[in-house]
Amino acid sequence: MPQGGRPPHLAKIWALAERGDAGERDAARNRAEALVKPHGYTLADVPDLLLTEGYLDDEPQPSAGGFTFYDMSNPAHQRAYAKAEEKKRAAWRMANRAKMEEVLARYGSEEAVFAHTAEEQAYDSAIKPFHKKGKAGQCDTWDGEHFSPSMRVRAALATVKPWPDTIPDAIAEYEYWEKLYDDRNIADSNSQYNYLGQGADFRHWALGDLINKEIEARDLSDVIIRLRFQEASQGIYNDSAAILGDLERLHAAENLKPGIGGFGDIPPDRGSPATSDGEEGAPENRAISENQNVGNAHVIDSPDMGDNERPDSASPPPFILNTASKRRAEVERILSTPEGARMSLRQVAGMAGVSPATVMKVRSCL
């Protein structure tokens, strides 16, 4: 490691990247990126890294903005990070002792909380033929996927239990897995690990997609349930086209009823009035309006699950973003967008309410 733990001449290289001529700037930026990338940073991180004294030294130091960078390839930084996280968990335990005691009393023991259920074991067995162990530094995959299940994995999961065919039934099962995850997270002092078995985790992901867009709404009640689910997800599930399709289909069915005639007809979709200059209702015009919300930044609830100081009257729906699995899903969503691919670890972490180390881990698995 270079003297002082800092890549050699990073400050001088960055000065050229900011103030040199065009050719020098490009060469300097490429050199700076090559220096910081092995440590999990991007060009956008360099200004903050230069403000952080000894960011690769034995003891990580907060930057001018108060943010501490941890080099997870540095054993000393790993120990410092673990110590900081343990302090957070200790504070969380003190504030949530009653919750922890309630969960342990309900299950009977800590071992019982974390013991995989018979259903989890069955799902794991069903997807086992698709498992492929990842190479060093890479995630394991199931039919080529790590986070969301492939169609073949979905079919295997359905051999254990058929997929729900109504939105309320899908919500009920989704909430079951959310509750199981939350109980285990509470018992583990809000450590926010992946507590569900892999098969159950895939099941949970697919249920979210079923609720978000795949199951047809039978009536307006189903549409409202779907919309509430999307709103509560704060951007993870936001398929507005599914809502529009539900409403158009239900409206058409209503107009076909005897005695209704054409009453209440809805004008055809004319796309975005500010940008549409093609055929009315053309797919490209509809795509403009449907994609306006993609990539919008938002803030996730804090790691203490966000309900310690919230009055009872303002309690969130049961599927609010208060679990690590949802934050992980948000990190993956952000990184999968063109904007997210260009963001620094710090920017993505701030949007999803996780640590830069978590973002780095998710990025390595994509």
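If you're wondering where the values come from, they're calculated on a predicted model, not measured in any experiment. In this chain, residues are counted from 1 in sequence order.
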Salt bridge [X]-[Y], side-chain N to carboxylate O under 4.0 Å:
X: Arg203; Y: Glu173; result: yes
X: Lys99; Y: Glu102; result: no
X: Lys83; Y: Glu86; result: no
X: Arg31; Y: Glu24; result: no

Indicate the ring-plane relationship of Trp142 and Phe202, choosing parallel, tilted or perpendicular according to the 30° and 60° boundaries.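 Judged by the thresholds at 30° and 60°, the geometry between Trp142 and Phe202 is perpendicular.
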
Heavy-atom closest contact ([X] atom, [Y] atom, distance):
X: Pro164; Y: Asp169; value: CB-CB, 3.8 Å
X: Arg249; Y: Ala217; value: NH1-O, 3.1 Å
X: Ala206; Y: Trp163; value: CB-CH2, 3.5 Å
X: Ala200; Y: Leu196; value: CB-CB, 4.2 Å
X: Pro168; Y: Arg218; value: CG-NH2, 3.6 Å
X: Asp124; Y: Gly199; value: OD1-N, 2.8 Å

Those residues at least two apart in sequence (or on a different chain) that pass side-chain contact (heavy atoms from CB on, under 4.5 Å) with Arg29 are Trp14, Ala17, Leu43

Return the set of residues passing side-chain contact (heavy atoms from CB on, under 4.5 Å) with Asp219 (not counting sequence neighbours), or none when no residue passes.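 So Asp219 forms a side-chain contact (heavy atoms from CB on, under 4.5 Å) with Ser221, Asp222.
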
Under the salt bridge (charged side-chain N to carboxylate O under 4.0 Å, His left out) rule, what do Arg184 and Glu178 come out as? Steps first, then yes or no, please. CA-CA 10 Å; Arg184 290 172 177 174; Glu178 288 285 289; over 6 Å; no

Only pairs at least two apart or in different chains count here, so list each side-chain hydrogen bond (donor to acceptor under 3.5 Å, both in side chains) that has a residue in residues 146-155.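 Found Asp143-Ser150, Asp143-Arg152, Arg154-Glu214.
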
With clusters defined by side-chain heavy atoms of hydrophobic residues (ILVMFWY) lying less than 4.5 Å apart, directly or transitively, does [Y] cluster with [X]?
X: Tyr193; Y: Phe114; value: yes
X: Tyr176; Y: Tyr123; value: yes
X: Leu16; Y: Ile13; value: no
X: Ile243; Y: Leu220; value: yes

Between Asp188 and Tyr195, is a side chain to side chain donor-acceptor pair (under 3.5 Å) present by the stated rule, with each step listed? CA-CA 10 Å; Asp188 198 26; Tyr195 297 111; 2.7 Å; yes

Evaluate the side-chain proximity of [Y] to [X]: yes if any heavy-atom separation is below 4.5 Å, no if none is.
X: Trp205; Y: Asp209; result: no
X: Leu250; Y: Val223; result: yes
X: Thr117; Y: Glu120; result: yes

Step by step, would you call Asn185 with Gln192 a side-chain contact (heavy atoms from CB on, under 4.5 Å)? CA-CA 6 Å; Asn185 186 53; Gln192 300 184 20; 3.7 Å; yes

What's the spacing between [X] [atom1] and [Y] [atom2] if we round to 0.5 Å?
X: Ile225; Y: Ile167; atom1: CD1; atom2: CD1; result: 7.0 Å
X: His204; Y: Glu175; atom1: NE2; atom2: CD; result: 10.0 Å
X: Ile186; Y: Arg97; atom1: CD1; atom2: CZ; result: 13.0 Å
X: Glu216; Y: Asp165; atom1: CD; atom2: CG; result: 11.5 Å
X: Arg89; Y: Asn190; atom1: CZ; atom2: CG; result: 9.5 Å
X: Ile171; Y: Leu210; atom1: CD1; atom2: CG; result: 10.5 Å

Stepwise salt bridge (charged side-chain N to carboxylate O under 4.0 Å, His left out) check, Glu330 with Arg333: CA-CA 5 Å; Glu330 177 63 357; Arg333 186 191 72 81; 2.9 Å; yes

Donor-acceptor under 3.5 Å (Asn30 side chain, Asp26 main chain): yes

Any donor-acceptor pair under 3.5 Å linking the side chain of Arg226 with the backbone of Ile211? yes

Assess the residue pair Trp177 and Glu119 against the criterion (side-chain contact (heavy atoms from CB on, under 4.5 Å)); give the C-alpha distance rounded to whole Å, side-chain angles, the decisive distance to 0.1 Å, and a yes or no. CA-CA 11 Å; Trp177 294 116; Glu119 196 171 6; 4.0 Å; yes

Kindly write out the residues that satisfy side chain to side chain donor-acceptor pair (under 3.5 Å) with Tyr107, not counting sequence neighbours, or none if the list is empty.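 Residues passing side chain to side chain donor-acceptor pair (under 3.5 Å) with Tyr107: Asp183.
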
Going by salt bridge (charged side-chain N to carboxylate O under 4.0 Å, His left out), name the pairs with one or both residues in residues 131-141, residues two or more places apart or in two chains.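 Matches after skipping sequence neighbours: none remain.
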
Chi angles and distances behind the side-chain contact (heavy atoms from CB on, under 4.5 Å) call for Ile127, Gln198: CA-CA 9 Å; Ile127 68 172; Gln198 185 63 53; 3.9 Å; yes

Just to verify, what does Phe130 make a ring pair (Phe, Tyr, Trp, His ring centres under 6.0 Å) with, not counting sequence neighbours? none

Do Gln230 and Asp239 pass the side chain to side chain donor-acceptor pair (under 3.5 Å) test, and can you show the C-alpha distance, the side-chain angles, and the key distance before you say yes or no? CA-CA 8 Å; Gln230 292 181 354; Asp239 197 315; 5.8 Å; no

